[in-house]
Structures are given as structure tokens and as C-alpha cells.
There are 2 protein chains.
Amino acid sequence: MTGQVRTVDGRVAGRRGQATRQKLLDCLGEMLSSSPYRDVKVIDVARKAGTSPATFYQYFPDVEGAVLEIAEQMATEGAQLTSLVEGRTWVGKSGWAAAEELVEGFLEFWRRNDAILRVVDLGAAEGDKRFYKIRMKILNSVTNSLTESMKELQAKGKVDKDISPAAMAGSLVAMLAAVASHQKGFQTWGVKQAELKPNLALLVHLGITGKKPTK
Amino acid sequence: MTGQVRTVDGRVAGRRGQATRQKLLDCLGEMLSSSPYRDVKVIDVARKAGTSPATFYQYFPDVEGAVLEIAEQMATEGAQLTSLVEGRTWVGKSGWAAAEELVEGFLEFWRRNDAILRVVDLGAAEGDKRFYKIRMKILNSVTNSLTESMKELQAKGKVDKDISPAAMAGSLVAMLAAVASHQKGFQTWGVKQAELKPNLALLVHLGITGKKPTK
DNA sequence: TCGGTAAGCTGACGGCATGACAGGACAAGT
DNA sequence: ACTTGTCCTGTCATGCCGTCAGCTTACCGA
């Protein structure tokens with residue numbers, strides 16, 4: 001799909017070039033963690049990477065372009081989130097376990113990539129299709145799996161027919177994403193991680209099966 | 001609380017001053033709706049308001065400062081969201097109606113203020129306490145009411161004791177906020193508003209009462 | 001070993017936004 | 001008309017943006 005990495009002016013990047021490019025991406029990632037998105041300047045990223053702004057513009061059209069690149073990499077990793085749902089059963093004790101592990105895995109992924117995910121979220125909310133697509137790519141891996149699980153349950157008559165699996169799955173995943181990006185916020189407030197997770201798991205279980213879990 | 005509106009250099013603003021100040025805020029609000037946060041420049045806001053950048057800096061330290069001002073105004077309005085929960089009963093048919101109206105009202109508020117809320121969300125996620133406080137101010141009005149409702153239900157033995165009302169209410173509100181800010185996203189995808197809302201209401205009802213609603 | 005060629009990097013530059021200031025325009029009271 | 005305090009803007013130094021020409025470095029075939 002990607003074919004070859006190319007510079008803005010069309011040259012193909014060699015070993016050294018790819019290294020600098022990656023270094024710029026890494027530094028940008030760090031900057032995003034430590035300072036507000038609005039204040040991240042090309043010159044700072046370049047300085048941090050021990051190179052010049054001109055070099056940055058050789059590989060990326062602008063900051064946004066570079067962020068998209070990082071996000072793309074992350075989205076590829078994120079596809080493995082599917083494993084949190086696929087092949088799971090949602091009945092009995094293992095159903096509760098599935099919910100718990102889904103919450104745990106999701107929050108963990110978000111925590112690890114919070115800086116970039118913030119920006120992706122913003123871009124998507126602003127209506128930028130490229131960011132929206134990336135967000136979808138990540139969330140879809142979970143949403144689709146969940147939707148499938150729910151359809152199966154519906155087919156077996158275990159879940160009301162008038163529920164839209166897609167809407168329900170989408171809402172649940174959106175909730176997980178939202179709580180994840182404001183984890184620190186919850187802490188600063190009264191709510192502790194320890195009591196947050198089980199409640200999320202409960203909501204997930206309730207949403208998918210319509211029933212209280214048997215713990 | 002606010003006392004008097006003051007310029008950056010300490011003067012008190014008179015009638016005319018307050019008017020230009022407000023005009024700048026309005027224009028900034030419009031700009032935020034039409035272009036990415038990162039690209040909103042002081043000079044554009046000033047031009048749009050028919051004034052000069054210097055005037056802008058007389059009233060606000062920077063773009064962020066002005067955004068905070070708008071957000072503060074919005075948060076004050078937003079406090080009335082409490083009415084969506086307070087004095088509601090969560091049993092029987094009126095319980096379902098309460099859930100539906102909460103969802104409806106919340107989404108509507110978010111849709112009306114999406115541009116600023118995006119930025120507030122970003123600021124909060126980046127750890128800026130000022131933005132976080134504003135976000136709290138809005139969400140708390142709903143969260144606290146919900147928490148109270150749940151505590152009452154718990155006291156009556158209608159809800160499991162091992163649930164943390166605060167965590168549950170917080171999660172539900174976070175979900176509403178998240179879905180609201182990606183409403184367009186859901187639409188672009190397959191999910192329609194019409195099927196989204198009932199599902200959200202269902203989740204809210206399930207979360208608060210632990211039971212399926214009687215419609 | 002030695003060019004030749006393409007990749008890789010940077011200094012320098014015009015352009016624009018930022019943020020500060022001092023001074024001019026304006027409204028209101030005397 | 002004159003004074004006073006509010007309000008706005010022209011101007012300027014500073015710093016980042018984004019581009020280009022040109023220099024250095026690595027690779028490769030003869």
C-alpha cells in the first residue's frame with residue numbers, strides 16, 4: 001500500500017532519510033505530550049531532532065501532515081484491539097471477564113497514545129476527513145467486532161430486536177474513548193481509577209447483553 | 001463574581017469598549033466554527049471584527065485567553081442543563097421519558113456550542129486546569145444531579161450497593177459528550193441520528209436504574 | 001579508484017503574525 | 001470650547017513560516 005517513502009519534492013527516501021524522518025516524527029510525538037497542540041512549532045521539533053526546519057519541510061507539508069503520519073502508524077497498531085472482542089462469549093462469568101478486559105485494554109491503549117489521540121479527536125471533531133478516517137480505523141476494529149457479537153446475540157433472541165447493534169456499539173466505544181481521554185480529569189475529581197473501571201465494564205455488559213453480569 | 005470588565009493593562013472598559021470586546025468574542029466564535037483551532041489567527045479575528053490586532057490584545061492576552069472567555073459564558077448558560085435531570089423520577093414510563101429528554105437536551109446543547117466545546121475538550125485533555133474547570137462546570141451540573149438520583153435509588157434498594165454513583169454518572173455524561181461531539185461522524189458512517197438517540201437513552205436508563213426501561 | 005548521480009541537509013530570505021507602545025480620535029461632562 | 005479619561009490604531013522589533021539554491025554525503029557502475 002505505502003509503496004515507498006517519498007519526500008515532498010518527489011525523491012525516494014533512503015536509509016538515512018528515513019531515519020531523520022522517523023526522528024522528526026518521534027520528536028513531534030514527544031512535543032505533543034509536553035505542550036499544547038496549538039503551540040507546537042516546526043522550529044522546535046527540528047531543533048529537538050538536531051536538524052533544521054528546512055529538513056522538516058522536506059518530509060512533511062506541515063505539522064498537521066506529520067501528525068497524520070504518526071496517527072497512521074498508531075492506527076495500524078490499534079487494529080489489534082479487535083482481539084479484545086473477537087472470539088469472546090458474552091454469557092455468564094466469562095461475559096463479565098470479557099467486559100472487564102475490553103475496558104482494561106482500551107484504556108491502556110488510550111493512555112499509551114493519549115497525546116496523538118487528542119489531536120486526532122480534535123481533527124475528527126473539526127470535520128477533517130483524514131483524521132476522521134484514522135479515528136474510524138481504530139474504533140472500527142472494536143466497534144465492528146462488538147456489532148457482530150451483538151448481532152449474534154440478537155439472532156439467538158437474547159437481545160431485543162429493536163436495538164441497533166451499530167449504534168449501541170458505537171456509543172459504547174465512544175464512551176470508552178471519552179473516559180480514556182479524560183482519565184486524569186476523573187482522578188483530579190473524586191473518582192478513582194479503581195472504581196471507574198468496574199463501572200465502565202458494567203455499562204459495557206449492560207449495553208451489549210441488556211442484562212446485569214454474573215460476577 | 002466578574003466584577004468589572006478590564007483591559008489587559010488594567011483600565012476599566014466602558015460601554016463602547018465592552019461592545020468591541022464582545023464583537024471580537026463573537027467573531028472568534030465564528031472563526032472557530034469555520035476553521036481549525038490551530039489556524040485561527042488574531043489578525044483574522046480582528047479583521048473580521050473590523051478592527052486591528054492591537055485592539056484584540058488590549059482585551060485578551062492571546063487567542064486562548066479569549067476562548068476561555070467564551071467558554072466561561074457558555075458554561076454559565078450550560079448550568080441550566082441541570083433541569084434535564086433534577087426533579088425527575090426514574091421509574092416506569094416517566095423514567096424512560098427522563099432518559100430520552102436528557103439525551104435530547106444534552107445533544108442539542110452540544111450541537112449548539114460544538115466549536116467551543118471542541119477546544120475546551122482539547123484544553124482539558126491536555127491538562128490545562130482552566131479548561132478542565134470549565135468542562136467540569138458544564139458536566140457537573142448534569143453529573144451531580146445524576147449522582148444524586150442514583151444515590152436515592154440506591155437508598156431505596158433499587159440499585160446495587162456496589163455501584164459508584166459518581167463513576168457511573170461521570171461515565172454516562174462522558175459518553176453523551178463524546179457522542180455529541182462526533183455526531184457528524186456517526187452520520188457520515190452508517191448510523192443515523194434517529195437510531196442513535198434511543199440507544200443512548202437506553203444506555204442511560206440501564207446505567208442509572210440497572211433495568212430495561214418500560215416504554 | 002574514480003567520477004557521476006541522486007539523496008540529504010542547511011543558510012538565507014521574503015512574508016506574515018505576534019505583542020508592545022505611544023499618540024491620536026472620540027465621547028461626556030463642565 | 002476645554003478637559004479628562006476611554007478607546008483605537010500606526011508602527012515597530014521580534015520570531016516563525018515555508019521556499020529555494022546550493023553545498024555535502026552516500027551509493028554505484030566502470
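Atoms considered below: every heavy atom in the structure, side chains included; atoms not considered: hydrogens, waters and symmetry mates. Chain naming here is simple, since letters A, B, ... match the order of the sequence lines and numbering starts at 1 in each.
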Check your understanding: How would you list, by chain and number, every residue that makes a salt bridge (Lys or Arg N to Asp or Glu O under 4.0 Å) with B/D26, sequence neighbours excluded?
Key ->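 Per chain and number, B/D26 pairs via salt bridge (Lys or Arg N to Asp or Glu O under 4.0 Å) with no residue.
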
Review point. Listed by chain and number, what are the salt bridge (Lys or Arg N to Asp or Glu O under 4.0 Å) partners of B/E148, not counting sequence neighbours?
Key: none

Practice item. Check A/L102, A/I138, A/L139 against A/L81 for a side chain to side chain contact (heavy atoms under 4.5 Å, CB included) and give me the one that passes. Key: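 Of the listed options, the one satisfying the test is A/I138.
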
**Study point:** Sequence-distant partners of B/R118, side-chain hydrogen bond (donor to acceptor under 3.5 Å, both in side chains), two or more places apart
**Key:** none

Exercise for review: Using a heavy-atom cut-off of under 4.0 Å over every strand shown, decide if A/Y59 touches base, sugar-phosphate, or nothing.
Suggested key: sugar-phosphate

Review point. Under 4.0 angstrom, heavy atoms only, what part of the nucleic acid is A/T7 near: base, sugar-phosphate, or nothing?
Key: nothing

Rounded interatomic separation in angstrom, taking [atom1] from [X] and [atom2] from [N]:
{"X": "A/D9", "N": "D/dA21", "atom1": "CG", "atom2": "P", "answer": "12 Å"}
{"X": "A/R11", "N": "D/dC27", "atom1": "CZ", "atom2": "C1'", "answer": "15 Å"}
{"X": "B/D39", "N": "C/dA17", "atom1": "CG", "atom2": "P", "answer": "12 Å"}
{"X": "B/Q18", "N": "D/dC8", "atom1": "CD", "atom2": "P", "answer": "11 Å"}
{"X": "A/R6", "N": "C/dG8", "atom1": "CZ", "atom2": "P", "answer": "12 Å"}
{"X": "B/F60", "N": "D/dC8", "atom1": "CZ", "atom2": "C1'", "answer": "15 Å"}

Got more than 12 heavy atoms from elsewhere within 6.0 Å of [atom1], [X]?
{"X": "A/K137", "atom1": "NZ", "answer": "yes"}
{"X": "A/K48", "atom1": "NZ", "answer": "yes"}
{"X": "B/K197", "atom1": "NZ", "answer": "yes"}

Review point. Under 4.0 Å: is that the gap between some side-chain N or O of B/T20 and OP1 or OP2 of D/dC7?
Key: no

Review point. Does A/T55 place a side-chain N or O at less than 4.0 Å from the phosphate oxygens OP1/OP2 of C/dT10?
Key: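 Answer is yes, contact under 4.0 Å.
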
Review point. What one-letter contact string describes nucleotides 22-30 of chain C from 5' to 3', where B marks a base within less than 4.0 Å of any protein heavy atom, S marks contact via sugar-phosphate atoms alone, and - marks no contact?
Key: ------S--

Practice item. Let me have a per-nucleotide readout for nucleotides 10-18 of chain D, 5' to 3', with B, S or -, counting only protein heavy atoms under 4.0 Å. Key: B-----SSB

Review point. Is any side-chain heavy atom of A/L172 closer than 4.5 Å to a side-chain heavy atom of A/V142?
Key: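 A side-chain contact is absent here, since even the closest heavy-atom pair is not under 4.5 Å.
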
Review point. Is there side-chain contact between B/M150 and B/W90, with heavy atoms separated by less than 4.5 Å?
Key: no

Review point. Would you call A/E64 and B/R38 a salt bridge, taking side-chain N to carboxylate O under 4.0 Å as the test?
Key: no

Point to revise | Charged N-O contact under 4.0 Å between A/D44 and A/K41 | key: no

Review point. Could you give the angle between the helix axes at the two ends of the helix from C/dT1-D/dA30 to C/dT30-D/dA1, with five pairs per end, rounded to 10 degrees?
Key: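 Here the helix ends are tilted 10° relative to one another.
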
